[in-house]
Amino acid sequence: MMVRTRFAPSPTGFLHVGSLRTALYAYLIAKQNNGKFLLRIEDTDRKRFVEGSIESIITSLKWAGMEVDEGVGLNSDDKVVQVGAKGPYIQSERLGIYKKFAAQLLDNGHAYHCFCTAERLGELKNYQQANKLPTGYDKLCRELDPAEAKKRIENGEQHVLRLKMPKGGETTFVDLVRGEVSFKNELIDDQVLIKADGFPTYHFAVVIDDHFMEITHVIRGDEWLSSTPKHLQLYKYFGWEAPKIAHLSLLLNADKSKLSKRQGDVAVKDYIDKGYLPQAMVNFVAFLGWNPGGEQEIYSLEQLVEEFKVEKIIKSGAVFNLEKLDWFNQQYIKNLSGDELVKVCSPWLIKAGLITGNEDKSWLSTVFDLEKERIVTLAELPEAVKFVFIAPEYDGQILVWKKGTLEEVKKILPELAEFLDTISIQDWNEEKLQAMVGEWITKNGLSNGSVLWPLRVALSGQQNSPGPFEIAAVLGKEESIERIKTAIEKL
RNA sequence: GGCCUCAUCGUCUAAUGGCUAGGACAUUGCCCUUUCACGGCGAAAAUACGGGUUCGAUCCCCGUUGGGGCUACCA
């Protein structure tokens with residue numbers, strides 16, 4: 001059987017990092033089985049709908065490298081489109097379908113209309129809480145005569161449709177990550193299926209949709225575990241086979257509370273804007289709650305598809321640990337090279353106004369090579385390479401090496417400038433410069449530090465920077481010598 | 001409160017009915033080195049607690065404690 005998984009977010013804002021992980025696991029399961037990964041939009045709550053969030057969720061998913069095979073996507077004009085034969089894939093466009101199956105449930109006596117007001121429900125809850133009773137609907141309207149209910153509806157009375165949960169027995173199911181879980185039916189609420197506004201609740205829509213979209217594996221957050229019996233009951237009433245279900249434990253703040261906005265960024269977009277690479281984010285998030293077991297830490301999306309095992313998903317919640325994310329990001333940035341490096345770095349420098357994007361690509365690549373081992377996020381890049389584009393301001397005192405003296409620098413720098421001037425443009429590259437200056441140092445009986453430190457500072461204007469030869473190669477002969485002359489004037 | 005669920009270094013995690021409890025991040029020492037970073041080699045750091053079962057339990061069972069989720073006409 002074809003494996004089909006889905007990611008089904010609500011369009012209430014940006015894609016959450018926890019949702020990214022949920023989507024990723026669903027994606028991995030689909031892909032490793034040559035199955036399909038679908039995207040469905042669950043917009044049954046009109047009050048919480050946020051304009052533009054469908055687009056931004058899809059954009060974040062794409063950024064992470066997860067291509068949707070079926071369902072909702074964006075066309076080349078960034079307009080929301082739907083692809084696939086089992087749509088629509090946006091719940092608000094499926095109202096007719098829900099209505100039809102709600103009617104079927106009602107006809108079969110598996111659901112009933114409820115006219116209880118919000119006030120009564122509120123009082124009921126207060127009473128239950130005050131008396132330390134389990135909270136939940138008291139099933140008052142379940143005893144109503146259907147004919148009378150019909151009459152009240154015709155009179156225009158507000159109503160909802162509720163699921164008739166069995167009053168006895170229990171619902172037991174096997175969760176792919178938790179194993180067997182079981183709930184007493186009497187404690188499960190007669191869930192509202194169709195709201196007074198005619199829209200289905202999540203619980204109803206999810207069952208109908210997963211069934212008709214032929215979803216084989218439901219991967220979702222832990223917050224759904226306790227409502228799973230309601231969903232299973234629905235499958236039973238309809239006579240449908242339920243999909244396999246996996247509940248993922250939640251991502252946590254450093255203090256182990258549920259990951260929240262108050263304690264840091266939770267939107268994938270925040271991390272995109274801060275300069276994290278999609279590969280790092282995916283790798284990091286994949287390892288929060290799953291581990292291949294070996295000692296390898298760096299996994300590409302393709303490798304994750306190969307190695308991922310549902311059985312190895314971890315049951316306990318994982319702290320969203322930014323320091324580890326930083327490390328992953330650093331690793332991925334460090335390993336970028338050539339065209340790839342230029343492609344991901346250039347936009348940041350263009351935004352900072354340092355380059356236009358029309359510069360020579362191979363030269364840009366050497367510029368980025370300078371700092372790629374020194375930055376944690378791409379956002380740090382413009383500041384880090386700024387000295388290449390703008391001759392830096394600095395205090396001449398820093399030209400003196402900690403083991404050297406001002407007099408020494410005053411003597412060495414001009415001689416060095418003179419020597420460098422004799423080197424041809426053809427030889428002006430990192431390797432040659434290193435070799436030639438090295439020889440010059442030896443010949444003059446100098447120490448590396450007494451020459452290299454002032455040279456490096458003269459070129460970079462910074463106490464900490466990449467090595468002098470790499471910088472000199474990037475700057476070119478003319479600019480390099482110019483900067484050394486400027487340095488001499490500062491002494 | 002009720003129901004469900006989880007529990008190995010600070011964090012992410014590996015492992016087994018008999019172990020020096022392994023790795024990674026972070027911390028830290030040393031090396032490399034003109035600086036910073038990278039890299040290399042080390043150090044410190046964990047089986048929540050109490051009972052069982054067992055020759056033996058971190059692992060199996062029960063309880064306690066602690067964390068998390070649900071308890072909406074939100075998802």
Side-chain angles (χ1 to χ4, degrees), chain A residues 8-12 42-45 47-48 114 116-118 121-122 125 128-137 158-162 175 178 181-184 186-189 191-203 205-206 220-229 247 249-250 252 254-258 284 287-298 312 314-328 330-331 334 371-376 384 398 401-404 447-457 460 462-468:
Chain A
S10 289
T12 56
E42 309 211 326
D43 60 343
T44 55
D45 185 353
K47 294 184 290 291
R48 297 209 311 158
C114 170
C116 293
T117 61
L121 263 19
K125 190 177 175 182
Q128 288 165 335
Q129 280 176 342
N131 292 280
K132 298 196 189 304
L133 293 163
T135 53
Y137 182 54
Q158 284 266 306
H159 63 280
V160 300
L161 187 73
R162 283 185 187 271
D175 182 277
R178 279 157 218 290
V181 184
S182 150
F183 293 81
K184 285 193 180 61
E186 58 175 319
L187 265 6
I188 299 167
D189 236 2
Q191 181 61 232
V192 170
L193 264 17
I194 303 289
K195 300 183 260 187
D197 65 3
F199 276 67
T201 56
Y202 169 85
H203 307 281
V206 77
R220 59 173 26 160
D222 206 21
E223 69 267 29
W224 298 111
L225 184 66
S226 39
S227 43
T228 302
H247 286 99
S249 52
L250 273 8
L252 312 173
D255 65 1
K256 300 256 185 187
S257 57
K258 183 182 175 182
F284 170 61
F287 271 51
L288 249 27
W290 171 81
N291 194 288
E295 290 183 0
Q296 183 183 341
E297 298 272 333
I298 302 294
K312 299 202 83 173
I314 289 141
K315 299 172 186 217
S316 51
V319 171
F320 192 76
N321 178 207
L322 273 339
E323 285 167 338
K324 189 80 177 239
L325 205 214
D326 281 345
W327 178 78
F328 273 116
Q330 201 178 162
Q331 294 297 310
K334 202 180 71 181
E371 293 287 350
K372 69 177 186 183
E373 282 179 2
R374 265 163 272 260
I375 56 170
V376 173
I398 66 169
W401 187 35
K402 64 183 174 190
K403 292 182 192 167
S447 66
N448 278 337
S450 62
V451 177
L452 267 23
W453 173 275
L455 172 60
R456 187 181 56 73
V457 173
S460 69
Q462 297 165 359
Q463 289 187 294
N464 299 331
S465 80

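Here is how names work: the chains are called A, B, and so on, in the same order as the sequence lines, proteins then strands, and each is numbered from 1.
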Sort out the partner of [N] for me: Watson-Crick or G-U wobble, both distances under 3.5 Å, none otherwise.
| N | value |
| --- | --- |
| B/A57 | none |
| B/A15 | none |
| B/G1 | B/U71 |
| B/A43 | B/U27 |
| B/U65 | B/A7 |

What is the distance, to the nearest angstrom, from the [atom1] atom on [X] to the [atom2] atom on [N]?
| X | N | atom1 | atom2 | result |
| --- | --- | --- | --- | --- |
| A/R48 | B/A72 | CZ | C1' | 11 Å |
| A/K403 | B/U33 | NZ | P | 11 Å |
| A/Y202 | B/C73 | OH | P | 16 Å |

Considering every strand and a 4.0 Å limit on heavy-atom distances, what is the contact class for [X]: base, sugar-phosphate, or nothing?
| X | answer |
| --- | --- |
| A/S465 | base |
| A/S249 | nothing |
| A/P468 | base |
| A/K132 | sugar-phosphate |
| A/S182 | sugar-phosphate |
| A/I314 | sugar-phosphate |
| A/V160 | base |
| A/A196 | base |
| A/G467 | base |
| A/T12 | nothing |
| A/Q296 | nothing |

Strictly below 4.0 Å: does [X] bring a side-chain N or O up to OP1 or OP2 of [N]?
| X | N | value |
| --- | --- | --- |
| A/K184 | B/U71 | no |
| A/K315 | B/C6 | yes |
| A/K47 | B/C73 | no |
| A/R374 | B/C38 | no |
| A/Q330 | B/C38 | yes |
| A/Q463 | B/A37 | no |

If you go through the side-chain atoms of A/R456, does one of them form a donor-acceptor pair with the base of B/U34 closer than 3.5 Å? yes
Please determine whether any donor N or O and acceptor N or O are separated by less than 3.5 Å between the side chain of A/K125 and the base of B/A72.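 Checked by distance alone, the answer is no.
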From the list A/L193, A/I194, A/V192, side chain to side chain contact (heavy atoms under 4.5 Å, CB included) partner of A/P200 resolves to A/I194
A/S447 side chain near A/W401 side chain, heavy-atom distance below 4.5 Å: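 A side-chain contact exists here, since the closest heavy-atom pair is under 4.5 Å.
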